[in-house]
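Letters A, B, ... are given to chains in the order of the sequence lines, protein chains preceding strands, and every chain is numbered from 1. Hydrogens, waters and symmetry mates are skipped; everything else that's a heavy atom, side chains included, is used.
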Protein chains: 2
Amino acid sequence: MSQFDDTFEDLNSYLYNRLKQEIWNQVYQHGTKLRQEHLAKEYGVSRTPILRVLERLTAENILEYVPRRGFFVKRLSLDEMLNIFALREVLDGAAAKACALHASDEDIEEIRQFFAKFQGKWSSDLEQEYVIVDQQFHSRLTKLSGNKLLQEINDSFSINQFSYQKGLMRPPIETLAEHQSIIHAIVERDPLKAQLLAMEHIQKSMENIRLRFDEHKFPNR
Amino acid sequence: MSQFDDTFEDLNSYLYNRLKQEIWNQVYQHGTKLRQEHLAKEYGVSRTPILRVLERLTAENILEYVPRRGFFVKRLSLDEMLNIFALREVLDGAAAKACALHASDEDIEEIRQFFAKFQGKWSSDLEQEYVIVDQQFHSRLTKLSGNKLLQEINDSFSINQFSYQKGLMRPPIETLAEHQSIIHAIVERDPLKAQLLAMEHIQKSMENIRLRFDEHKFPNR
DNA sequence: CCGTTGCTTTTTGAATGCAAAAATCACTAT
DNA sequence: ATAGTGATTTTTGCATTCAAAAAGCAACGG
């Protein structure tokens, strides 16, 4: 795995990946303060390399830094969540458009196969797998757009972490159809259509968040 | 100025702003290696706070970090430049749309006045001022969109630094008209039109970069 | 019972020290 | 000259230290 390479290559990026992963996995809850000494002990290093990582994750908007107080796992308000989706709308739109324009035929063929295994009946296992493939699909489109900035932005600002949280996803049946139609537009090399469909796709997810929030006031915090 | 507040508030953000500014002002050329000791002496501090800042600017894509080698002022290739504009196209589009939708009447009135002083004849002074106002205009739209993420992204990834570099700007006469029509669409509360015009506006700047690059191979090594 | 005050402990911010890697330079041999 | 080699200097990476700020806590008074 690439995580192992990082281990030997460079302590800094190893710690970075590890902490980011643990935040992702909710080892540290939203709002938690990350004490430097604690992390240092946990990872068997001193505070110095920890601080570098904290600084970096802060710049990526995954942590929040309050001078003289410390670093906290960022807790997202409804507004911030909606902002993320408003952003994803245009980013994923741009990625889909660029794919339709620039991706190679082989890459497009690969995309076409992405959801092949989800044609039959749904099972609980399959639904779980779908969440992963969904995420891979979006990240693949971003990659194939050829715009590295798009990738970097998606990795920052908690965008990916947040978008695929448990409890926020729409039912696969809904989103599968949307994914298929985006793929279709890309296969047809119709940039505008791909863009608009990708944007609608995210808009609907955004609407979903809004609804859930209104209902349960969110089981978070 | 807010820069002064930062000075007294927090060494970290003071150093951050200062170094960022100096990179902006080309005190350190693209590609230059930033030696920690040198910066520490320059700013009269130790390497520790410097390192934090370097780490942060790296996450913002303004510096490049090579393990065991150091931090370098990032040099942008043509592709990276075009990527920035491809991104700005959708970001500024989203901002303009959000303004047309959500900005208050007072804020819109303020925007309407932005380019009032550029109605008459052009002078060299006025052209210089226009560059500033241009930048303020775009950043104002982003702010009024109400989406903080949009602002943060524009501040990161060298997007703003790069977009308003000397030598990349189009003639004011061209862009002024485009700015006016974007403003008009916002005043009319026409989100779609505002979005499309903003996107076209950036597209044209992108085309401009491409042309310049073809011509002179760019006077940037 | 709650809030305030002052003391103790914890945690952060920044400087310093030291080992290891990288860069530089001088020297040699081709 | 040029390429290659080894010694010296510089620079980075990480640990440690210490002062200053913040958090925690206990005694006190309302």
Side-chain angles (χ1 to χ4, degrees), chain A residues 3-20 22-23 27-75 221, chain B residues 3-20 22-23 27-75 221:
Chain A
Q3 185 142 344
F4 279 21
D5 298 320
D6 291 339
T7 312
F8 296 107
E9 259 175 37
D10 178 17
L11 178 61
N12 191 33
S13 57
Y14 163 69
L15 292 174
Y16 167 79
N17 287 323
R18 180 162 170 196
L19 182 55
K20 193 168 176 176
E22 292 189 352
I23 292 170
V27 175
Y28 303 98
Q29 301 292 323
H30 295 307
T32 312
K33 175 170 175 177
L34 296 179
R35 270 175 279 103
Q36 298 170 21
E37 197 85 43
H38 172 262
L39 291 173
K41 281 232 168 100
E42 192 75 14
Y43 296 164
V45 296
S46 80
R47 288 193 300 143
T48 312
I50 294 290
L51 192 63
R52 288 181 64 162
V53 171
L54 293 175
E55 198 66 45
R56 191 155 151 203
L57 290 172
T58 302
E60 291 185 10
N61 226 28
I62 290 165
L63 301 180
E64 220 171 349
Y65 170 66
V66 185
R68 282 261 156 225
R69 282 250 150 67
F71 295 86
F72 301 82
V73 179
K74 190 151 184 178
R75 166 179 295 161
R221 96 134 279 137
Chain B
Q3 186 142 345
F4 278 21
D5 299 321
D6 292 340
T7 311
F8 298 106
E9 258 175 39
D10 178 18
L11 177 61
N12 192 33
S13 56
Y14 162 69
L15 292 174
Y16 167 79
N17 287 322
R18 181 164 168 193
L19 182 55
K20 193 168 176 176
E22 291 188 353
I23 292 171
V27 175
Y28 303 98
Q29 301 292 323
H30 296 306
T32 313
K33 174 170 177 179
L34 296 180
R35 271 174 279 103
Q36 298 170 22
E37 198 85 47
H38 172 261
L39 290 173
K41 281 231 169 102
E42 192 74 15
Y43 296 164
V45 296
S46 80
R47 287 191 302 144
T48 312
I50 295 289
L51 191 63
R52 289 181 63 163
V53 170
L54 293 175
E55 198 65 45
R56 194 157 150 201
L57 290 171
T58 302
E60 291 186 10
N61 227 28
I62 290 164
L63 301 180
E64 221 171 347
Y65 170 68
V66 185
R68 282 258 154 227
R69 282 245 151 67
F71 295 86
F72 302 81
V73 180
K74 188 150 186 179
R75 165 180 295 162
R221 238 252 41 133

Write out a two-atom table: protein N or O, nucleotide N or O from nucleotides 14-17 of chain D, distance below 3.5 Å.
from, atom 1, to, atom 2, distance (Å)
D:dA15, OP1, A:S46, N, 3.4
D:dA15, OP2, A:S46, N, 2.5
D:dA15, OP2, A:S46, OG, 2.4
D:dA15, O5', A:S46, OG, 3.4
D:dA15, N7, A:T48, OG1, 2.6
D:dT17, O4, A:R47, NH2, 3.3

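- Between the P atom of C:dT11 and the CD atom of A:E37 lies a distance of 8 Å, rounded to the nearest Å.
- In this structure, B:L54 reaches neither bases nor backbone, as no heavy-atom distance under 4.0 Å exists between it and the strands shown.
- Within the structure, every side-chain polar atom (N or O) of A:Q36 is placed at least 4.0 Å from both OP1 and OP2 of C:dT10.
- Residue B:R68 places no side-chain N or O under 4.0 Å from the OP1 or OP2 atom of C:dA21.
- The side chain of B:R69 contributes an N or O atom lying less than 4.0 Å from OP1 or OP2 of C:dA23.
- For the pair B:V73 and B:E64, the minimum side-chain heavy-atom distance is 4.5 Å or more.
- A:Y16 approaches A:L57 most closely through the heavy-atom pair CE1-CD2, 3.5 Å.
- Residue A:E55 contributes atom CD, which lies 10 Å from atom P of C:dA14 at whole-angstrom precision.
- Residues B:L54 and B:T58 approach most closely at O-OG1, 2.7 Å, considering heavy atoms.
- Proximity of A:F72 to A:L34: side-chain heavy atoms (C-beta onward) are nowhere separated by under 4.5 Å.
- Between A:K20 and A:E60, at least one side-chain nitrogen of the basic residue sits less than 4.0 Å from a carboxylate oxygen of the acidic one, meeting the salt-bridge criterion.
- Counting to the nearest Å, the P atom of D:dT11 and the NZ atom of B:K41 are 9 Å from each other.
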Ignoring hydrogens and angles, write down the donor-acceptor pairs under 3.5 Å from the side chains of residues 40-52 of chain B, residues two or more places apart or on other chains.
from, atom 1, to, atom 2, distance (Å)
B:Y43, OH, B:E22, OE1, 2.8
B:S46, OG, B:T48, N, 3.3
B:R47, NH1, B:Q36, OE1, 3.1
B:R52, NE, A:E55, OE1, 2.9
B:R52, NH2, A:E55, OE1, 3.2
B:R52, NH2, A:Y65, OH, 3.2

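- For A:Y65, a side-chain nitrogen or oxygen approaches OP1 or OP2 of C:dG13 to under 4.0 Å.
- Between the OH atom of B:Y16 and the C1' atom of C:dA14 there is a distance of 21 Å, rounded to whole Å.
- At a threshold of 4.0 angstrom between heavy atoms, the contacts of B:L34 are confined to the sugar-phosphate backbone, with no base atom among them.
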